[in-house]
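Read through the structure below, which is laid out as structure tokens, and then see the notes.
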Amino acid sequence: MTQRVLIIGAGIAGLTAAAMLASRGHDVTILERQAAPGGKMRHLAIGEARIDGGPTVFTMRWVFDEIFAACGTSLPEHLTLQPVEVLARHAWDGRPGRLDLFADIQRSADAIGAFAGAAEARGYLDFVARAKKTFAALEAPFIRGSRPSPMGLVGRAGLGGMGRLLATSPFTTMWNALGEHFQDARLRQLFGRYATYVGSSPFLAPATLMLIAHVEQEGVWLVEGGMHRVARAFEALATARGARFRYGADVAEILVKGGRAAGVRLADGEVLEAGTIISNGDVAALSAGRFGQAAAGAVAPVPRARRSLSAVTWAMHVRTGGFPLVRHNVFFSGDYTREFDELTQQARLPSTPTVYVCAQDRGDDDSALDGPERLLCLINAPARGDYRPIPDSALAEAERATFALLARCGLTVERDATREILTTPTGFDALFPSTGGALYGQAVHGWSATFARPGTTTRLPGLYVASGSAHPGAGVPMAALSGRLAALKVLEGH
Ligand SMILES: Cc1cc2nc3c(=O)[nH]c(=O)nc-3n(C[C@H](O)[C@H](O)[C@H](O)COP(=O)(O)OP(=O)(O)OC[C@H]3O[C@@H](n4cnc5c(N)ncnc54)[C@H](O)[C@@H]3O)c2cc1C
């Protein structure tokens, strides 16, 4: 039976649910308050240049292969992907040399050996094997499945599952576990940074998050046309299957009738009725009452203290020099302990931040470019944009520290205020309401945090969530999996 489905938000999870449900003949309307799809996967315009201002690292291709297949098509019909050889280039403040990590494990081991010695190369190979086992232990019972309880997870893992789950070291911090593999603080820092892919601190996150290293090792892809193209591809697919997109449609309330979700009211007063609503905004917006009191109890509240990290980003179209950039580059601060203490304990911008630079006109080739190039520079920030915005003086200081660190590592950036777009946690909060700028839902701090994210169904019948802030977690592919789970629940006629 055809259902009328309203999807609030055209982020990747909303887009996935839309494409899958429309492909199965449902009557789908996507209501998006912005003027374009993608949510965090947004494009920023600086003159003629279009710069990805959100996610830049495309991983877990299989997720998208499976979703396109479920919609009766294939990924290559919609997107052109090219694997990178150099996963990322790393440099350290005040330390000579740099280290590349490669798609080829042995090549990385050789590079690590040359950079930090044979023992560290062996430690790396052990670490890679451990990260792979961690991913394997969680792929079927957690990543692909609906949200389990801790006991449910053990049950799903099956015979011998308990041992495999415990081997993921959920009760050890990532930082301590990395110490079992690396003596060199720089390498601990490099691999600890994977915790920030889900807005968490390596000093508080469980070692289980090592699985992110495996995900990246499995393949990082460049998307022709940029990451925003992924959103456009889903928009085109969903439209071709009959879904309707309404941009500038700001949902103000989820309407409830007879104890069930029954429709939405837009900010301009228009009412749309439907028996199935999928909410793609951050789940914190639901519990904070952004969609009205009736929907507020649908999911558990998200305490501010549990928010994942935010960021300060500079999208730029500028000339660079000095440092041979590849697509993904990381410039590490000299003191990671202090950096995360400042971020998570003192809730302030780091005095010397680690800086990620995505050079969007480059792949593996690091030759100098002739003209200006597209960069996204990012530092981590606490997610307090809604109630404690960063003072201008602190922002100016962090900006100075950011570009000074790049300069010390050899990268000169010819800055031009007219060719830059700055986004702060307050800016992210305005784009993604009730988050304070947190970009990945709740932080994964402590073993139980994984289970704190809501699942697909809510306490309000007819209302589902599909989001990087829900199960199975943050990041473009994980949010897409959340969208798939929502579509499957609706198709099951839950
Ligand atoms: C700077 C940055 C870097 C990142 N880097 C990476 C990376 O390299 N790799 C990776 O995999 N992930 C990365 N991420 C994380 C990734 O982008 C997110 O996890 C993922 O895109 C979240 O998708 P989502 O489906 O939860 O929706 P979101 O992208 O959060 O979109 C939600 C949508 O809902 C809309 N909405 C909200 N409220 C309403 C309303 N009331 N009415 C109508 N519409 C509404 C919003 O406008 C938005 O379009 C990054 C994120 C950021 C911001």
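Each ligand, and each atom within it, is numbered from 1 in the order the structure gives. For reference, positions follow the sequence shown, starting with 1. Values below: all heavy atoms of this structure, side chains included; hydrogens, waters and symmetry mates excluded.
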Please work out whether the ring planes of Phe340 and Tyr336 are parallel, tilted or perpendicular, with thresholds of 30° and 60°.
-> perpendicular

From Val86, Leu375, Leu325, Val84, residue fulfilling side chain to side chain contact (heavy atoms under 4.5 Å, CB included) relative to Arg362 | Leu325

Pairs under 3.5 Å, nitrogen or oxygen of ligand 1 with protein nitrogen or oxygen:
residue	atom	partner	partner atom	Å
ligand 1	8 (O)	Thr56	N	3.1
ligand 1	8 (O)	Val57	N	2.9
ligand 1	9 (N)	Val57	O	3.0
ligand 1	11 (O)	Val476	N	2.8
ligand 1	12 (N)	Val476	N	3.4
ligand 1	19 (O)	Gly475	N	2.8
ligand 1	25 (O)	Ile12	N	3.3
ligand 1	25 (O)	Ala13	N	2.8
ligand 1	25 (O)	Asn280	ND2	2.9
ligand 1	26 (O)	Gly468	N	2.7
ligand 1	29 (O)	Lys40	N	2.8
ligand 1	30 (O)	Lys40	NZ	2.6
ligand 1	41 (N)	Asp250	OD1	3.4
ligand 1	41 (N)	Val251	O	3.0
ligand 1	42 (N)	Val251	N	3.0
ligand 1	44 (N)	Arg33	N	3.3
ligand 1	47 (O)	Glu32	OE2	2.6
ligand 1	49 (O)	Glu32	OE1	2.6
ligand 1	49 (O)	Glu32	OE2	3.1

With Ile278, which of Val28, Ile30, Leu21, Thr456 fulfils side chain to side chain contact (heavy atoms under 4.5 Å, CB included)?
-> Leu21

Should the pair Asp386-Arg307 be classified as a salt bridge under the 4.0 Å nitrogen-to-oxygen rule?
-> yes

Give a yes or no on whether the ring-centroid distance for Phe234 and Phe68 is below 6.0 angstrom.
-> yes

Would you mind reporting whether Ile277 and Leu460 have side-chain heavy atoms less than 4.5 Å apart?
-> no

